[in-house]
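The structure appears right after this line, and notes come after that.
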Amino acid sequence: MSTGTLSRQEPTIVEYDVRTDEMLVNMGPQHPSTHGVLRLVLRTDGEVISEVTPHLGYLHRCAEKIGENVTPIQFIPYTDRMDYLAGMNMNLAYSLAVEKLCGMKIPEKAQVIRVIIAELNRIASHLVGMGAYGLDLGTFSPFLYAFREREMILDLFEEVCGARLTYSYITIGGVHDDLPPGWIERCQKFLDYFKPRIPEYHTLLTTNHIFVQRTANVGVLSKETALSYGCTGPVLRGSLDRRKGDPAWDLRKIEPYCGYETYDFRAVIPPFDDWDVGNRPWEPPPGTVIGDAWHRFMVRMLEVVESIKIIEQALKRYPNAQGAHRIEPPKHLPAGEAYQETEAPRGQMGFYIVGRPTKDAVPLRVRARSSCFCNLSVANEICRGCLIADIPAIVGSLDFVMGEVDR
Amino acid sequence: MGWLEGRFEENVITTTIEQAINWARESSMWPMTFGLACCAIEMMATGASRYDIDRFGAGAFRATPRQADLMIVAGTVNFKMASRVRRLYNQMPDPKFVIAMGACTCGGGPYYKYGYNVVKGVDLIVPVDVYVPGCPPRPEALLEGLMRIQDKVRGMKALTKGQPIDMPIPSRTGYVLLPPELSDPDPQKAVEKQNEFARRTKELATPAKA
Amino acid sequence: MSPAEIIATLEKKFGDRIKAKRLDVPDAYVVIEPGDLLEVCRFLRDEPGLRFEILNCITGVDYLEPDPKKAPKAGFEPHLEVVYHLSSFTYPGQRFCLKLMLPRWKDNQPGQLPEVPSVASLWRTADWHEREVYDLCGIYFTGHPDLRRILLADDWEGHPLRKDYEFPLEYHGIRGR
């Protein structure tokens, strides 16, 4: 049971009258609910958090230094290992940055394959996010169900590229190989299997009374704070309000790439009153406010539905798509620089690449603008005033991957 | 177990106490929840629905090292994390086992050449029993590694011979004994020697002109 | 506003304090002096019509060719660049890029980090990004609330994304290669 954010003016709250000892609590780097190797140092007054200091760098793997020593194609596998839950989206982000620098035009067929694969990986990533969030809050079964479906997506990925987790499939100039014969049917079969499962997840987690009690009105993030900290992706979208006229902030909509502008889908922002979530009439659970942990979680769940829509349209387009699945990239990078952002499952993933003036094959500098890095920096702001027991609920709802934070 | 039940009369099984204890120990390996990087996701997949590490008695993931028998080092260890890994290892009760999962923990993996911050193999920090290569290894590979640990437990002679466990091979420690061409009692001279060595290695490493 | 219009607005306001501009590249940018940074950034954030509320990224780039044989043909003088990528929330799709040129070392004395004013008071994103640039590229941000290393250990030596960085052979008893 949470108390949400406490305020001194609240007359019903007496904790501030009773002064308890201030203490420092260390969480991590080895802690089951910190999603990897994040270390949080909590300054607490009794059970109430007064300050959170995240310490990063326990998974710093020098990706940017590697990027300026190897050619772009050699760097593709390292982008997999940044956000290891959504390797395809990372491949896509880096490929698009290099293609922007080289001024390449990608054939339609490659673009359709990219959209299918990237959206499938978004589903897989959000499934892990959902399962792991359940684990953080102390329920084990959603994890098992989520991984059951995720393994099917991984089977599809294994067919196209042979790897389960680190794919390197989307590469500069297109995708590495064409889709194998019969893959489209199998993918459609999976979607038909998967769609009826989504209402089950809502019963299991989203509208579960205990889950709602743990996440409603916890870690409320206002729109202004989110923008100032550069939060993107579901973390920002969970704080927007359609009724107040906020734009549907999704890069696939506002700065389309890979032909996303030709697909029919919606960017998910609260309130969710007109989304079909399987059990109508739909009302948000009592106690939830826009910007809390529950809304961030719900944005992810609904993005899965939208991704299915996009994949189904792309699967229909694939047989008639023109062109090759890959074109040959130029041997040398041109001089100059390019910055490209894409909508990865966890927010806007940007790559900044600088080519050498001598037209070398190796770039001068590669910079990864990590979405989780910015999303995590807001932790101190939204954890202040919560109870220690709410920390897993808040930190889990930010859904970061430490490999991407530390790079 | 339907086909087993009621097949035997009331019997006595004789075994050695060594074997009985080893059997109990190998069938209830409790790993520590210790995910570092990408391999942790495959470790989670091993514990989840399809691969189900519970079949081998190793599904009870413990959040604290003090209750764990097995440390699966899943993911890249870097210099900032190294001391923590060592401390976690020291906190585990004996007998303890370590699986190095993935190329990074086996020897640096893809970060070997330019990873200024990456430990080139977790065996520089803690002794490793089983290496599971792959980037990341498939869940089947991790299960195979677990079975090799179980083989090792089966061969333990802690009770009768009094020797706990053989030191794993190779048994490297985390501390470097510098070779004579790099060490000197005078720190100033040692630094000079090391700089000279670094320069020479760099020269050797530059590729020859075609 | 198109990038050309943004640059025109900036030139109208700041005149010759805009040192250079490029429009014919994928991302148009202007170059300014470090001293003018705070003023220009506040203008970009608050001016109606610009409204760059989001600071996407701060990057430090080290322009140096460590190989003395290749250095004359590298095509650039040794220097550092700090690149700020901005985007607007009020006007979706509007992006811009700011650049600062710095010497590699302050007063050309190796070891003295060059200084840039911090923009953490304008965008909170800059807090961690500037710490990262300080950590990896070795640029000192004056006025930053809490400038310490963020990714590497506190006792680390050197700034790894400098091109002349030497990889450590040993760290706390663990060999580095």
Side-chain angles (χ1 to χ4, degrees), chain A residues 53-60 62 64-65 68 97 100-101 103 223-232 236 246-251 253-256 335-341 348 350-352 354 356-360 364-370 373-374 376-378 381 405-407, chain C residues 22 24-27 29 45 53-65 70 73-76 81 83 85-95 97 99 120 122-129 131-133 135-137 146 148-154 156 160-163 165 167:
Chain A
T53 319
H55 288 254
L56 317 176
Y58 292 96
L59 194 53
H60 178 54
C62 332
E64 292 177 4
K65 188 74 180 177
E68 59 187 46
K100 186 175 176 186
L101 179 65
K223 183 185 105 182
E224 287 71 27
T225 319
L227 285 179
S228 176
Y229 276 94
C231 296
T232 45
L236 172 65
D246 289 332
W249 191 262
D250 188 324
L251 280 194
K253 279 282 180 199
I254 57 175
E255 291 176 15
E337 53 207 70
Y339 180 73
Q340 171 75 35
E341 280 193 351
Q348 295 175 11
F351 277 98
Y352 174 66
V354 183
R356 286 173 187 269
T358 47
K359 301 220 170 65
D360 208 339
L364 182 81
R365 175 83 161 91
V366 172
R367 168 87 160 102
R369 185 265 183 205
S370 158
F373 186 78
C374 300
L376 180 58
S377 64
V378 85
E381 198 78 20
V405 175
D406 294 343
R407 300 182 295 281
Chain C
R22 278 295 289 276
D24 52 340
V25 287
D27 301 303
Y29 65 84
R45 190 190 65 166
E53 287 112 331
I54 304 176
L55 171 66
N56 290 73
C57 190
I58 302 179
T59 313
V61 190
D62 185 11
Y63 283 85
L64 175 77
E65 178 54 62
K70 286 187 195 162
K73 282 185 270 174
F76 47 74
E81 277 182 18
V83 189
H85 287 99
L86 310 171
S87 63
S88 166
F89 184 78
T90 319
Y91 307 104
Q94 182 167 307
R95 282 178 183 277
C97 180
K99 268 192 186 187
L122 298 175
W123 296 286
R124 307 296 300 272
T125 332
D127 185 349
W128 280 22
H129 273 109
R131 274 174 71 186
E132 190 189 335
V133 173
D135 189 358
L136 298 181
C137 295
D146 181 21
R148 44 194 175 90
R149 286 188 183 268
I150 184 166
L151 291 180
L152 296 168
D154 288 334
W156 195 268
L161 286 183
R162 294 280 182 125
K163 296 279 182 192
Y165 176 72
F167 287 10

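In the text below, chain A, chain B and the rest are named by the order of the sequence lines, each starting its count at 1. All heavy atoms count here, side chains included; hydrogens, waters and symmetry mates do not.
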Tell me, out of [options], who's got the most heavy-atom pairs with chain C below 4.5 Å.
options                            : value
E341(A), Q348(A), Q340(A), R356(A) : E341(A)
L251(A), L376(A), V354(A)          : L376(A)
P357(A), S228(A), G57(A), P54(A)   : S228(A)

Which heavy-atom pair separates [X] from [Y] by the least distance, and what is that distance?
X       : Y       : answer
L136(C) : E64(A)  : CD1-OE1, 4.2 Å
G230(A) : T125(C) : N-OG1, 3.4 Å
R365(A) : C137(C) : NH2-SG, 4.0 Å
T358(A) : K73(C)  : CG2-O, 3.0 Å

*asked:* Under the rule for ring pair (Phe, Tyr, Trp, His ring centres under 6.0 Å), what residues qualify as partners of F89(C), not counting sequence neighbours?
replied: W249(A)
*What residues, two or more places apart in sequence or in another chain, satisfy ring pair (Phe, Tyr, Trp, His ring centres under 6.0 Å) together with H85(C)?*
Y339(A), Y352(A)
_Show, in sequence, the C-alpha distance, side-chain angles and deciding distance for F373(A) and H129(C), and conclude whether the side-chain contact (heavy atoms from CB on, under 4.5 Å) test is met._
CA-CA 9 Å; F373(A) 186 78; H129(C) 273 109; 4.0 Å; yes
*Expected output: side-chain K100(A) to main-chain D27(C) donor-acceptor under 3.5 Å*: no
*asked:* Quick check against the 3.5 Å criterion: does R124(C) have a side-chain atom that pairs as donor or acceptor with the backbone of V378(A)?
replied: no
*Would you mind checking which part of R95(C) comes under 4.5 Å of any heavy atom in chain A, side chain (CB onward), backbone (N, CA, C, O), both or neither?*
side chain
*Under a 4.0 Å N-O cut-off, is there an ion pair linking R407(A) with E132(C)?*
yes
